[in-house]
2 protein chains.
Amino acid sequence: MSKNCNFIEKLREVGLRPTKQRVKMCEVLYNREKTFHFTINDLVKLLSEKMNQKISLATVYNTVHAFEKKGYLKEISIDSHKSYFDTNTSAHHHFFDEDTHELIDCDESDIDKINIRKNITGKKINSVEVLVRVASDNQTQK
Amino acid sequence: MSKNCNFIEKLREVGLRPTKQRVKMCEVLYNREKTFHFTINDLVKLLSEKMNQKISLATVYNTVHAFEKKGYLKEISIDSHKSYFDTNTSAHHHFFDEDTHELIDCDESDIDKINIRKNITGKKINSVEVLVRVASDNQTQK
DNA sequence: TCAATAGTTTAGAATTATTATAATGTAGAT
DNA sequence: ATCTACATTATAATAATTCTAAACTATTGA
Ligand SMILES: [Mn+2]
Ligand SMILES: [Mn+2]
Ligand SMILES: [Zn+2]
Ligand SMILES: [Zn+2]
């Protein structure tokens with residue numbers, strides 16, 4: 001979904017009722033310049049800051065999964081312990097900052113197209129994604 | 001750890017007491033031809049099949065994490081909902097079969113070396129790993 | 001306009017994976 | 001054989017997520 005789009009209309013278009021919770025979540029998720037990467041916890045915190053009435057945790061989960069199913073969010077696996085989501089649903093690569101636990105999108109130009117030479121019989125490739133883990137390069141004095 | 005190595009000696013070398021639970025876990029994990037990819041659940045099932053006395057779940061977790069800390073297991077993130085481990089601790093890429101939830105190692109020759117053009121100030125690259133998701137290519141008849 | 005209805009929200013309970021606790025057991029040293 | 005630090009274990013605790021069922025509401029069409 002694009003910044004400053006009419007979320008009420010957009011939700012209707014994809015067959016989701018434009019409730020105030022969903023509209024507010026759209027605003028928080030999509031009214032921004034750049035891709036947003038978040039955990040459910042991040043999102044709950046943001047929502048409680050930006051809304052007078054709190055949205056229930058169950059609704060946040062329901063809505064995130066509803067948006068994911070409609071193709072407006074994508075789940076990213078970087079940590080086996082919690083789920084990360086991404087408002088950029090296209091195929092793309094990531095940097096993951098192991099200090100801050102932040103995800104950063106790669107541009108097309110950052111990494112060449114990956115060429116897969118192996119073929120698994122009877123299987124087709126659904127996605128090819130690179131994860132670059134980075135961390136502070138401060139050395140402990142030697 | 002290599003196949004048919006002396007696990008008792010090996011454990012001692014790295015400062016882990018060679019208890020019967022640890023030795024049995026070594027056998028199950030490392031006495032095989034190929035890399036072993038598993039979840040804790042897989043491992044518990046295997047162990048209970050191959051051992052008369054059962055190993056407690058807490059011990060399985062403790063031991064897996066002990067082996068990971070010593071560099072004999074590596075955690076792989078493909079699914080935010082459970083942890084996968086890998087007896088191949090070197091830097092390498094994976095195929096993930098979304099039908100069977102099986103991980104398959106890539107060889108060096110399967111994917112060219114990834115060239116990262118982007119640089120994140122003050123951060124060094126710890127790892128670059130590719131995950132290729134595959135699934136059955138049966139089409140629903142058109 | 002205003003019920004009827006289907007879809008939505010919600011609090012709280014349930015489930016699942018994982019970690020912590022603390023009592024018991026044991027490998028290796030003396 | 002005894003000691004002691006380290007390990008194992010059952011169980012409880014925690015954390016993330018999903019389920020449930022009752023209350024609520026957006027939309028429809030009489
Ligand atoms: Mn999920
Ligand atoms: Mn872990
Ligand atoms: Zn992204
Ligand atoms: Zn592997």
Side-chain angles (χ1 to χ4, degrees), chain A residues 6-28 37-48 51-70 72-85 101, chain B residues 6-29 37-48 51-70 72-73 75-85 101:
Chain A
N6 181 343
F7 295 121
I8 294 184
E9 260 322 296
K10 199 73 177 211
L11 286 167
R12 279 220 182 83
E13 277 171 28
V14 299
L16 293 173
R17 280 193 187 166
T19 62
K20 62 175 172 307
Q21 292 86 348
R22 285 173 175 169
V23 172
K24 176 53 78 174
M25 285 181 65
C26 284
E27 288 167 6
V28 167
H37 298 100
F38 63 95
T39 64
I40 296 287
N41 214 10
D42 297 336
L43 182 54
V44 167
K45 253 185 269 171
L46 260 178
L47 284 167
S48 68
M51 217 181 169
N52 34 354
Q53 186 210 1
K54 304 293 167 270
I55 300 180
S56 129
L57 180 60
T59 300
V60 177
Y61 273 101
N62 288 342
T63 305
V64 164
H65 287 132
F67 289 2
E68 186 187 13
K69 198 167 302 169
K70 296 298 179 179
Y72 291 112
L73 284 177
K74 183 173 165 184
E75 191 168 359
I76 308 289
S77 299
I78 1 108
D79 182 311
S80 310
H81 304 291
K82 68 180 68 165
S83 290
Y84 280 72
F85 292 90
H101 287 192
Chain B
N6 182 343
F7 295 121
I8 293 185
E9 260 322 296
K10 199 72 179 208
L11 286 167
R12 278 218 184 85
E13 277 170 27
V14 299
L16 293 173
R17 281 193 186 167
T19 63
K20 62 175 173 307
Q21 291 87 348
R22 285 173 176 171
V23 172
K24 175 53 79 174
M25 285 181 65
C26 284
E27 288 167 7
V28 167
L29 292 174
H37 298 101
F38 63 95
T39 65
I40 295 287
N41 214 11
D42 297 336
L43 181 55
V44 167
K45 252 185 270 170
L46 261 178
L47 286 166
S48 68
M51 218 181 168
N52 33 355
Q53 186 209 2
K54 304 294 167 271
I55 300 180
S56 130
L57 180 61
T59 301
V60 177
Y61 272 102
N62 289 341
T63 305
V64 164
H65 287 131
F67 288 3
E68 187 187 12
K69 199 168 302 171
K70 295 298 180 180
Y72 291 111
L73 285 177
E75 191 168 359
I76 307 290
S77 300
I78 2 109
D79 183 312
S80 311
H81 304 291
K82 68 181 66 166
S83 290
Y84 281 71
F85 292 89
H101 287 191

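Every chain is numbered from 1 and lettered A, B, ... according to where its sequence line falls, protein lines coming before strand lines.
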| query | For atom NZ of A:Lys54, is the number of surrounding heavy atoms from other residues, nucleotides or ligands below 6.0 Å larger than 12? | reply |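 Enclosed.
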| query | So what does A:Asn41 hit on the nucleic acid, given a heavy-atom distance under 4.0 Å: a base, only sugar-phosphate, or nothing? | reply |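 Nothing: the residue A:Asn41, judged by heavy atoms under 4.0 Å, touches no strand.
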| task | Give B:Thr59 one of three labels, base, sugar-phosphate or nothing, depending on what nucleic acid heavy atoms sit under 4.0 Å from its own. | result |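 Contact class for B:Thr59: base.
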| Counting distance only, does the side-chain N/O of B:Lys70 pair as donor-acceptor with the main-chain N or O of B:Val14 below 3.5 Å? |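 Between the backbone of B:Val14 and the side chain of B:Lys70 there is a qualifying donor-acceptor contact (under 3.5 Å).
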| request: Output yes when a side-chain donor or acceptor of B:Arg12 lies under 3.5 Å from a complementary backbone atom of B:Pro18, and no otherwise. | output: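 Not at all, since once roles are kept as given, no pair shorter than 3.5 Å links the two residues.
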| said: Here's a test of your reading of the structure: between B:Arg17 and B:Val60, which maps to the more 5' nucleotide of DNA chain D? | reply: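 The residue closer to the strand's 5' end, by nearest nucleotide, is B:Arg17.
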| Residue A:Pro18, side-chain atoms from C-beta onward, closest of C:dA27, C:dT8, D:dT27 |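 From the listed options, D:dT27 comes nearest.
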May I have the distance from [X] (atom [atom1]) to [N] (atom [atom2]), rounded to whole angstrom?
X: A:Ile78; N: D:dA16; atom1: CD1; atom2: P; result: 14 Å
X: B:Gln53; N: D:dT8; atom1: CD; atom2: P; result: 11 Å
X: A:Leu57; N: D:dT18; atom1: CG; atom2: P; result: 10 Å
X: B:Arg12; N: C:dG28; atom1: CZ; atom2: C1'; result: 8 Å
X: A:Phe67; N: C:dT9; atom1: CZ; atom2: P; result: 9 Å
X: B:Tyr61; N: D:dT14; atom1: OH; atom2: C1'; result: 13 Å
X: A:Lys20; N: C:dT10; atom1: NZ; atom2: P; result: 7 Å
X: A:Glu68; N: D:dT18; atom1: CD; atom2: C1'; result: 14 Å

| Nearest-nucleotide comparison on DNA chain C, the residue closer to the 5′ end among B:Ala58 and B:Ile8 |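 Between the two, 5'-proximity favours B:Ala58.
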OP1 or OP2 of [N] versus the side-chain N and O atoms of [X]: is any pair under 4.0 Å?
X: A:His65; N: D:dT17; value: no
X: B:Thr19; N: D:dT8; value: yes
X: A:Gln21; N: D:dT25; value: no

| query | Can B:Asp42 and B:Thr39 be counted as having a side-chain donor-acceptor contact under 3.5 angstrom? | reply |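 There is such a pair between these side chains.
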| said: I'd like to know if B:Arg22 reaches the base of D:dA7 with its side chain such that a donor and an acceptor end up less than 3.5 angstrom apart. | reply: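 Result: no qualifying N/O pair found.
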| task | Measure the OG1-CG distance between B:Thr63 and B:Leu11 for me, rounded to the nearest 0.5 Å. | result |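 Interatomic distance, B:Thr63 OG1 to B:Leu11 CG, rounded to 0.5 Å: 9.5 Å.
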